[in-house]
There are 2 protein chains.
Amino acid sequence: MSERVVPPGARRRRRPTKQGVVLSEELIVATALRLIEEHGADALSVRRLGRALGADPSSLYRYFRHTDDLMLAVADELIGRTLRAWRPTGDWRADLRDLGLRMHASALAHPRAAVLSSYRVTGRVHEIQAVETILGVLRGAGFPDADAVRVYHAFIDQALAFGALDSASTALPKAAREAEAAVWRATYARLPAATHPHIAAAARHLVHDMPRSSYPGALDLLLGAAAARLAEIRATVRPGQAS
Amino acid sequence: MSERVVPPGARRRRRPTKQGVVLSEELIVATALRLIEEHGADALSVRRLGRALGADPSSLYRYFRHTDDLMLAVADELIGRTLRAWRPTGDWRADLRDLGLRMHASALAHPRAAVLSSYRVTGRVHEIQAVETILGVLRGAGFPDADAVRVYHAFIDQALAFGALDSASTALPKAAREAEAAVWRATYARLPAATHPHIAAAARHLVHDMPRSSYPGALDLLLGAAAARLAEIRATVRPGQAS
DNA sequence: CTTAACAGGTCAACGGTGTTGTCATAAGGT
DNA sequence: ACCTTATGACAACACCGTTGACCTGTTAAG
């Protein structure tokens with residue numbers, strides 16, 4: 001066995017599959033994404049992916065060391081797509097808001113990849129490009145390096161964390177998702193004021209608010225705090241005028 | 001088969017297992033938690049849990065309809081423990097900060113349950129108690145119902161989302177976790193300024209910041225924004241003096 | 001005190017999963 | 001034309017969650 005995965009550059013022998021398909025890293029990732037989109041995140045398994053490709057499942061291990069590796073490649077491809085669709089305008093706050101919402105939406109569309117990419121550092125091309133781009137926006141806006149990294153960190157973690165959270169709940173079978181919303185109406189909204197005064201008082205708001213994502217609000221909060229920090233920095237730096 | 005799970009109240013026949021153990025919902029949940037603590041989140045499977053209990057795996061289905069159900073019970077137990085350990089002082093901001101950190105820590109200690117509980121509404125006793133308690137803190141501080149729910153929502157989602165995110169990364173095998181940190185040093189910190197100027201400029205900060213959790217910072221941000229909102233509300237309400 | 005019902009345990013099986021060791025073969029370089 | 005070897009196929013392993021059928025001891029009713 002030793003190492004069955006060959007570095008991408010060294011691949012040459014394009015022997016087709018029994019069913020005539022010529023495999024490649026790109027084709028595998030694209031097919032995985034298609035499977036996820038068409039049949040949901042749970043439809044993705046090595047065996048099913050093999051079947052969809054017209055190849056033996058074990059062939060995939062010539063391209064990825066294990067499932068995780070494959071999912072990271074899928075996640076990186078998603079980052080790339082999100083970044084390509086994004087059109088920065090030069091207004092850092094609006095641009096980051098837009099990017100945050102896009103990342104969140106992309107996570108919602110691909111729950112499984114979102115969960116994985118939320119806590120893994122891929123070190124792949126698109127991820128690096130995203131880091132460079134976001135840091136560029138922040139430094140361009142005038143954040144000193146240390147603050148730029150802090151804001152970047154909070155921004156990216158929040159987008160990923162809420163993305164994973166919200167995507168997990170939309171990935172539930174439809175019946176289960178409706179059942180969740182029903183818990184707020186049927187259980188919480190009916191608790192008597194005698195035993196649960198605070199829930200009873202706020203019941204109306206709970207039923208309305210809780211089944212919705214709190215990400216947009218949290219994002220605005222973060223950007224607001226960052227803007228306040230930037231104003232503070234600018235005020236401090238004015239006298240000396242150095243970066 | 002029909003319905004094999006009997007509602008907790010109706011249980012009476014306490015026939016012991018072949019190996020002499022008397023099962024109960026509480027014992028199962030406690031054992032599951034112990035397994036997670038001792039051998040990591042991946043050590044928890046129906047079969048292993050059965051083995052640890054000295055019972056056939058299928059016996060567990062007399063108590064929980066499926067694995068999810070079991071994990072929700074585990075999650076609810078965790079909420080209960082966290083809440084019991086928390087000692088509110090009456091200072092809403094300090095109390096919520098303390099509670100948020102405790103929830104985050106508890107998620108770190110029980111990654112698998114954390115992930116599940118982060119996007120599911122259990123409607124179980126401890127969860128309800130937590131909602132009532134937190135809403136009580138906020139309403140007691142003077143937040144009107146609608147704002148209390150908004151702050152509650154952001155607070156709880158943030159704690160759960162970051163908890164799930166951070167716990168997922170600490171649940172990685174130690175080798176993988178070290179590899180992640182190494183990516184920042186070995187890949188990002190070495191990118192040439194010519195192609196990646198922003199990363200190169202901020203490299204030192206990236207290496208230091210990125211492998212750490214951004215939750216405490218994000219939490220303070222949220223509470224700061226909530227405090228600002230409360231001050232605003234108080235200022236507006238002063239003249240009429242009504243709640 | 002006997003007896004009938006059934007809660008709650010066991011067993012065996014089904015169809016799935018990721019992963020690996022071994023083998024065969026066709027493509028490429030020489 | 002040959003040799004090497006990348007790469008695909010196959011079969012097997014050890015797991016997983018879940019279920020239907022069966023059996024038995026406890027319990028409540030008569």
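Each chain gets a letter, A, B and so on, in the order its sequence line appears, and its residues count up from 1.
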Query raised in the report: Taking only N and O in the side chain of A:Tyr63, is any of them less than 4.0 Å away from OP1 or OP2 of D:dT7?
Result: no

Report task. Report the residues that fulfil ring-ring contact (aromatic ring centres under 6.0 Å, His included) with A:His104, sequence neighbours left out, ordered by chain and then residue number. Result -> A:Tyr215

Query raised in the report: Side-chain contact, heavy-atom cut-off 4.5 Å: B:Phe64 with B:Glu25?
Result: yes

Report summary line: Between CG of A:Leu70 and C1' of C:dT19 the distance, given in whole Å, is 14 Å

Query raised in the report: Closer to the 5' end of DNA chain D via nearest nucleotide, is it B:Pro57 or A:Val21?
Result: A:Val21

**Report entry** Between C1' of C:dA27 and CG of A:Leu23, the distance in whole Å
**Finding:** 15 Å

Query raised in the report: A:Tyr61 has an atom OH; how far is it from atom P of C:dG21, in whole Å?
Result: 12 Å

Query raised in the report: To the nearest angstrom, how far is A:Leu53 atom CG from D:dA9 atom P?
Result: 10 Å

Requested in this report: Would you check if the side chain of A:His153 reaches a backbone N or O of B:Arg212 as a donor-acceptor pair within less than 3.5 Å?
Outcome: yes

Between N or O atoms, less than 3.5 Å apart, protein on one side and nucleotides 12-17 of chain C on the other: list the pairs.
residue : atom : partner : partner atom : Å
C:dT17  : OP1  : A:Ser45 : OG           : 2.9

Query raised in the report: Is the NE2 atom of B:His66 crowded by more than 12 outside heavy atoms at less than 6.0 Å?
Result: yes

Report summary line: Axis-to-axis angle across the helix from C:dC1-D:dG30 to C:dT30-D:dA1, five pairs each end, nearest 10 degrees, ~ 10°

Query raised in the report: Between A:Glu77 and A:Leu33, does a side chain to side chain contact (heavy atoms under 4.5 Å, CB included) hold up when you go through it step by step?
Result: CA-CA 9 Å; A:Glu77 171 61 23; A:Leu33 266 170; 3.7 Å; yes

**Report entry** Atom-pair distance (CZ on A:Phe64; C1' on D:dG8), nearest Å
**Finding:** 16 Å

Query - Any residue meeting salt bridge (Lys or Arg N to Asp or Glu O under 4.0 Å) with A:Glu127, in chain and number order, not counting sequence neighbours - result: none

Query raised in the report: Of all the nucleotides listed (C:dC11, D:dC10, D:dG8), which has the minimum atom distance to the side chain of A:Lys18?
Result: D:dC10

Query raised in the report: Could you give the CZ-to-P distance, from B:Arg62 to D:dA21, as a whole number of Å?
Result: 13 Å

Requested in this report: Name the closest nucleotide to the B:Thr17 side chain, picking from C:dT19, C:dC11, C:dG9.
Outcome: C:dG9

Query - Pairwise salt bridge (charged side-chain N to carboxylate O under 4.0 Å, His left out) hits with a residue in residues 96-111 of chain A, at least two apart - result: A:Arg97-A:Asp220, A:Asp98-A:Arg102

Query raised in the report: Taking side chain as C-beta onward, heavy atoms only, is B:Leu70 less than 4.5 Å from B:Val46?
Result: no

Report task. Keeping to residues at least two apart or across chains, list the salt bridge (charged side-chain N to carboxylate O under 4.0 Å, His left out) pairs with something in residues 34-43 of chain B. Result -> B:Arg34-B:Glu38

